[in-house]
Asks: 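Structure in structure tokens, see below.
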Amino acid sequence: LSPVVCSLSDAYGRIPFMTLMRSGWLLWLVVAPRVRTLPQRLIAAIVFQGILNVGVNTLSSSAASDLFGFQPSKASKVRAADGVYWNIGQITGLFAGTVLRNFLSNGSLMTLAGALVGVSMAITSTTRETLHMEDRKPFSLAHANPFANLWLLMNPANGLGLQRLSLASL
């Protein structure tokens, strides 16, 4: 998923796809209550959250690179802060959900979660685009190839290959 999302965001900008990935949470809120057994719900949660988190995190990294590409130390600080805020949100959300489920029905909790996703989507969609028009690249299926990174690791000519990694461990 990451290569496809990145290639599309390289062509059309980061913000539309960050908003689109967040809209996937709304789909999850529709699917989750309809999955009846715990094992099926866990599998569905892993699939949905894995896809959506990869998309959002990949695009966040791309946006940080757009903004701070020539300042690696600043880019790494921004990404570290992003990770901290992401984890705080995860913990706070789990805690709030646990407390609120004593006072609200499942339907009310899902409605509240949907409203929060909507707020997140509104904030994201109004955020200034990080990828300037002159830096955009046309969409290419070749760049969206998920196996391209494997080729980078296996190709000894580029200096990034597995051979270099294996020699470094000796």
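Atoms considered below: every heavy atom in the structure, side chains included; atoms not considered: hydrogens, waters and symmetry mates.
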Asks: Which one of Thr58, Thr130, Asp66 satisfies the side chain to side chain donor-acceptor pair (under 3.5 Å) criterion with Arg14?
Replies: Asp66
Asks: Identify each donor-acceptor pair in which a side-chain atom of residues 68-77 lies under 3.5 Å from a protein atom, sequence neighbours left out, and give them as a table.
Replies:
residue : atom : partner : partner atom : Å
Ser76   : OG   : Pro72   : O            : 3.3
Ser76   : OG   : Ser73   : O            : 2.8

Asks: Determine the minimum heavy-atom distance between Cys6 and Ser62, stating which atoms define it.
Replies: SG-OG, 4.0 Å
Asks: Can you get from Ile123 to Leu116 by hopping between Ile, Leu, Val, Met, Phe, Trp and Tyr side chains that sit under 4.5 Å apart?
Replies: no
Asks: Measuring from atom OG1 of Thr127 to atom CD of Glu129, what distance do you get when rounded to the nearest 0.5 angstrom?
Replies: 9.5 Å
Asks: Mind listing the closest non-hydrogen atom pair of Leu131 and Asp10 along with its distance?
Replies: CD2-O, 3.5 Å
Asks: So which atom in Asp82 and which in Ser60 form the shortest heavy-atom distance, rounded to 0.1 Å?
Replies: OD2-CB, 3.5 Å
Asks: Which atom pair, heavy atoms only, marks the closest approach of Ala64 to Val78?
Replies: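 Where Ala64 meets Val78 most closely, the heavy atoms are CB-CG1, 4.3 Å.
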Asks: Is any side-chain heavy atom of Lys137 closer than 4.5 Å to a side-chain heavy atom of Ser7?
Replies: no
Asks: Verify the distance criterion only: is there a donor paired with an acceptor across the side chains of Arg22 and Ser120 at less than 3.5 Å?
Replies: yes
Asks: Would you mind reporting whether Leu27 and Ser23 have side-chain heavy atoms less than 4.5 Å apart?
Replies: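 When only atoms from C-beta onward are counted, Leu27 and Ser23 do not touch, as no gap falls below 4.5 Å.
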Asks: Under 3.5 Å, sequence neighbours excluded: what are the donor-acceptor pairs made by side chains of residues 94-105?
Replies:
residue : atom : partner : partner atom : Å
Thr98   : OG1  : Leu94   : O            : 2.8
Ser105  : OG   : Ser108  : N            : 3.2
Ser105  : OG   : Ser108  : OG           : 3.1

Asks: Flag the pair Met121 / Leu26 as yes when at least one side-chain heavy-atom distance between them is below 4.5 Å, and no otherwise.
Replies: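 Yes, at least one pair of side-chain atoms sits under 4.5 Å.
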Asks: Applying side chain to side chain contact (heavy atoms under 4.5 Å, CB included) to Met21 and Thr124, what does each step give before you reach the verdict?
Replies: CA-CA 11 Å; Met21 289 311 229; Thr124 301; over 6 Å; no
Asks: Could you tell me which non-hydrogen atom of Val4 sits nearest to which non-hydrogen atom of Phe139, and how far apart they are?
Replies: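 Smallest heavy-atom distance, with atoms named: O-CE1, 4.4 Å.
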